[in-house]
Amino acid sequence: MRTTEYLIATQKESPAEAEIASHQLMIRAGLVRKLASGLYTWLPTGLRVLNKVKEIVRDEMNKASAIEISMPVVQPADLWEASGRWEEYGPELLRIKDRHNRDFVLGPTHEEVITALVKNEISSYKQLPLNLYQIQTKFRDEVRPRFGIMRSREFIMKDAYSFHIDHESLDQTYQRMHQAYCNIFERIGLEYRAVIADSGSIGGAVSHEFHVLAESGEDDIAFSNKSDYAANVELAEVIASGERLSANEDVKTVDTPNAKTIDEVALQLSVEPEYCVKTLIVKASEESAHEYIAIVLRGDHVLNDIKASKHPLVASPLQMASEDEVNKAFGVNFGSIGPLGIACPILVDRSAANCSDFICGANMDGQHYTGVNFDRDVKDYDVADLRNIESGDTSPDGKGTIEIRKGIEVGHIFQLGDKYSNALTCGVLTESGKHQTLQMGCYGIGVTRIVAAAIEQNHDKFGIQWPEAIAPFKVALIPMNMYKSQRVAEVAHRLYADFIAAGVEILFDDRKERPGVMFNDMELIGIPHSIVIGERNLDNLQVEHKNRKTGEKQLLNIDEVVAFITNQAGV
RNA sequence: CGGUGAGUGGCGCAGCUUGGUAGCGCACUUGGUUUGGGUCCAAGGGGUCGUAGGUUCAAAUCCUAUCUCACCGACCA
């Protein structure tokens with residue numbers, strides 16, 4: 001490709017609204033342009049990258065025996081009414097009417113359509129398992145589109161749906177998809193983690209998210225430094241390390257005037273917060289036959305709402321008691337609540353349960369106890385996993401310690417079970433001739449989001465540094481003063497032809513621009529290899545190669561350039 | 001949906017407080033200059049100042065309404 005026949009569309013400045021690197025760089029490098037909130041046009045360079053990602057996804061899906069189809073973006077509402085999601089989905093579902101005033105939706109996902117399809121096409125267990133996918137535009141009327149292409153309303157998703165006679169078969173395909181996803185992200189060249197998204201209470205994981213690690217990510221990922229364990233911070237189970245030490249001290253009452261927080265208590269008593277416990281009062285569930293529950297955490301730990309609300313004694317969703325309610329029920333204000341002698345059931349976090357001789361509120365304003373111990377002093381309580389996992393905790397699989405980093409969710413795989421097949425009565429006849437509802441799995445990848453995530457992970461102050469596998473071009477050919485130097489022009493044209501003959505994707509900057517402009521544009525666009533042709537090196541029949549990622553420069557003989565690139569880039 | 005802020009050539013902004021008929025940088029066009037890291041000079045083209053209404057001799061500027069967008073919180077690939 002020649003720049004003079006191409007649309008470069010680079011910019012010096014990025015729009016004020018672009019907050020994160022990938023958004024700024026996608027606009028500055030001329031990859032996308034915004035049409036309206038959450039709606040983007042893909043310019044030629046961006047589209048080349050997008051297509052590379054699509055091809056890798058497609059290839060790995062095919063290798064995993066998934067079969068490509070294409071379903072409509074516009075879907076009739078009655079399917080959504082049948083699945084219950086016409087009511088359930090809410091305003092993110094864009095609803096439209098046709099000329100006959102019939103209701104349709106712009107598909108945010110395709111479970112309904114695929115299930116209806118399979119219901120009609122598949123009638124025997126012999127045709128199973130079946131795994132169908134498409135790479136296609138989705139529309140979700142996001143509350144707040146953000147970060148450019150990262151969270152747009154219209155986006156491209158690879159969505160796959162598998163159908164099975166039983167759970168065992170579903171599990172096999174699920175594992176296969178898990179592996180396919182790992183292959184995809186490895187091939188693209190991204191640092192990622194497969195994250196446990198929901199450790200179902202019955203039998204193992206039923207959902208994994210795939211996250212690309214990047215500072216700008218919106219999710220906190222906890223992962224082991226020794227194993228491949230990874231989970232959302234909210235969902236990661238915490239196992240308490242160590243054992244409780246024996247009680248040495250007696251309970252004493254100390255004055256802690258005006259100390260409302262653990263930090264203030266710890267400061268007044270000159271101890272670290274981890275030697276204190278904090279007691280939080282939450283609303284109890286109906287079945288608990290109490291009004292409130294006291295939750296006890298170590299002073300330096302953070303309550304995990306999700307875990308707490310899953311406990312049978314605790315109201316779901318979690319509701320913290322107000323200070324007035326606490327005062328009314330227990331005769332004490334925030335700051336001096338404690339488990340010792342409190343008139344409600346007590347839930348103790350696993351880590352807090354390992355504390356001994358600890359400090360806690362005395363249930364009298366302005367006073368705390370020291371030297372408190374479970375069992376000896378606090379007798380009736382339940383232990384549960386109630387806090388957020390933290391950096392440095394032991395990994396839940398027992399291997400290594402936990403690190404926490406930000407992640408961008410780019411993929412999600414699910415074992416759906418029979419939710420949709422049941423609602424739309426999708427089943428087959430079994431070997432014994434009985435009707436059997438199918439088990440389903442679904443597997444999504446945010447194709448457009450991968451492009452943004454790749455930039456988040458691979459850029460510097462000059463621009464994008466594309467991984468080879470998804471770079472819009474492998475090589476930028478940059479001639480110095482081609483319009484003045486006949487020699488430079490000749491070599492440039494010859495190399496350009498050679499690269500094309502060798503099947504290398506090359507961008508030949510034949511604009512009549514100053515060198516600085518060309519260097520800056522090619523670096524901003526992020527092409528992995530630059531070949532610079534200048535009078536300077538032509539006497540020795542050499543040109544210069546520069547690696548975008550490492551910045552390394554070296555001189556190459558003109559005759560060797562193409563081979564050098566094809567060997568290095570694995571073309 | 002709640003909170004905050006902004007709408008002025010393609011992009012980034014100034015002008016608004018104190019009304020007087022729109023300006024700067026980038027980009028674009030032309031000519032010259034320069035040519036291994038976003039040259040420099042000159043000339044030029046392009047804007048219903050988000051929209052509607054009002055106040056006024058006069059509105060980008062003041063008032064009212066409305067629309068849109070962005071940023072911060074709960075959802076998602």
Side-chain angles (χ1 to χ4, degrees), chain A residues 8-20 23-24 27-28 30 33-39 53 57 88-93 107-110 135-160 181 184 195 197 207-212 217-219 232 305 317 407-414 442-453 462-463 478-485 488 509 511-524 530-538 543-544 546 551 553 555:
Chain A
I8 287 282
T10 53
Q11 292 181 349
K12 282 190 184 171
E13 290 174 292
S14 53
E17 74 210 37
E19 291 281 298
I20 61 171
H23 188 190
Q24 293 170 355
I27 291 183
R28 288 224 295 131
R33 287 290 183 265
K34 186 167 82 168
L35 176 66
S37 178
L39 301 174
V53 176
V57 170
E88 231 175 73
Y89 213 94
E92 250 175 55
L93 182 64
T109 171
H110 281 69
I135 298 173
Q136 191 234 28
T137 299
K138 298 275 184 279
F139 193 94
R140 292 184 192 173
D141 203 356
E142 288 282 347
V143 186
R144 186 148 92 81
R146 230 189 308 194
F147 303 141
I149 226 73
M150 192 80 85
R151 176 175 309 207
S152 50
R153 294 195 289 178
E154 191 176 298
F155 59 99
I156 293 173
M157 179 162 142
K158 186 285 298 173
D159 48 327
Y181 275 40
I184 287 166
V195 170
S207 173
H208 284 83
E209 293 173 352
F210 287 77
H211 285 257
V212 169
E218 295 186 84
D219 299 296
N232 253 313
D305 296 15
I408 300 166
E409 185 184 351
V410 290
H412 200 161
I413 59 178
F414 257 105
C442 77
Y443 319 91
I445 284 186
V447 176
T448 38
R449 187 179 277 183
I450 285 177
V451 176
F462 300 110
I478 309 176
M480 299 291 101
N481 299 314
M482 183 174 75
Y483 292 90
K484 282 272 174 68
S485 165
V488 170
D509 201 346
R511 290 177 297 176
K512 203 170 179 176
E513 284 286 0
R514 294 172 55 84
V517 173
M518 295 194 275
F519 287 136
N520 283 316
D521 272 349
M522 295 304 121
E523 279 168 14
L524 176 59
S530 290
I531 301 295
V532 182
I533 305 162
E535 281 285 347
R536 192 186 279 184
N537 298 312
L538 282 187
V543 294
E544 183 183 287
K546 184 171 179 186
K553 292 178 184 176
L555 292 173

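So that the names make sense, note that chain A is the first sequence line, chain B the second, and so on, each numbered from 1. As a basis for the values below, the full set of heavy atoms in this structure was taken, side chains included, without hydrogen atoms, waters or symmetry mates.
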Under 3.5 Å on both distances, the Watson-Crick or G-U partner of [N]:
{"N": "B:C69", "result": "B:G5"}
{"N": "B:G10", "result": "B:C26"}
{"N": "B:A74", "result": "none"}
{"N": "B:U48", "result": "none"}
{"N": "B:G37", "result": "none"}
{"N": "B:G53", "result": "B:C63"}
{"N": "B:C16", "result": "none"}

Could you state the [atom1]-[atom2] distance from [X] to [N], rounded to the nearest angstrom?
{"X": "A:Arg511", "N": "B:A27", "atom1": "CZ", "atom2": "P", "answer": "12 Å"}
{"X": "A:Glu513", "N": "B:G38", "atom1": "CD", "atom2": "P", "answer": "12 Å"}
{"X": "A:Asp305", "N": "B:A74", "atom1": "CG", "atom2": "C1'", "answer": "12 Å"}
{"X": "A:Met522", "N": "B:G38", "atom1": "CE", "atom2": "C1'", "answer": "13 Å"}
{"X": "A:Tyr483", "N": "B:G36", "atom1": "OH", "atom2": "P", "answer": "16 Å"}

Given [options], identify the nucleotide with an atom nearest to the side chain of [X].
{"X": "A:Phe519", "options": "B:C75, B:C11, B:G36", "value": "B:G36"}
{"X": "A:Lys12", "options": "B:A77, B:G38, B:G37", "value": "B:G38"}
{"X": "A:Lys34", "options": "B:C69, B:G12, B:A77", "value": "B:C69"}
{"X": "A:Met480", "options": "B:A77, B:G36, B:G37", "value": "B:G36"}
{"X": "A:Arg449", "options": "B:C75, B:C11, B:A77", "value": "B:A77"}
{"X": "A:Arg151", "options": "B:C75, B:G37, B:G38", "value": "B:C75"}
{"X": "A:Asn520", "options": "B:C11, B:G38, B:C75", "value": "B:G38"}
{"X": "A:Asn537", "options": "B:C11, B:G73, B:G36", "value": "B:G36"}
{"X": "A:Arg146", "options": "B:G36, B:C72, B:A77", "value": "B:C72"}
{"X": "A:Glu13", "options": "B:G12, B:A77, B:G38", "value": "B:G12"}

Please work out if [X] contacts a base, only the sugar-phosphate, or nothing of the nucleic acid, heavy-atom cut-off 4.0 Å.
{"X": "A:Glu544", "answer": "base"}
{"X": "A:Gly444", "answer": "nothing"}
{"X": "A:Ser14", "answer": "sugar-phosphate"}
{"X": "A:Ser152", "answer": "base"}
{"X": "A:Glu19", "answer": "sugar-phosphate"}
{"X": "A:Asp159", "answer": "nothing"}
{"X": "A:Val532", "answer": "base"}

If we take the [atom1] atom in both [N] and [M], what is their distance in whole Å?
{"N": "B:A22", "M": "B:G9", "atom1": "P", "result": "15 Å"}
{"N": "B:U21", "M": "B:U30", "atom1": "C1'", "result": "30 Å"}
{"N": "B:C62", "M": "B:C16", "atom1": "P", "result": "9 Å"}
{"N": "B:A74", "M": "B:G54", "atom1": "P", "result": "45 Å"}

| query | Of A:Lys34, A:Arg146, A:Gln24, A:His23, which meets side chain to side chain donor-acceptor pair (under 3.5 Å) against A:Glu17? | reply |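 The residue from A:Lys34, A:Arg146, A:Gln24, A:His23 that satisfies side chain to side chain donor-acceptor pair (under 3.5 Å) with A:Glu17 turns out to be A:Lys34.
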| request: Check whether the aromatic ring of A:Phe155 stacks on the base of B:A77, taking stacking as ring centres less than 5.5 Å apart and planes within 30° of each other. | output: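 Stacking is present between B:A77 and A:Phe155, given that their ring centres fall under 5.5 Å apart and the planes under 30°.
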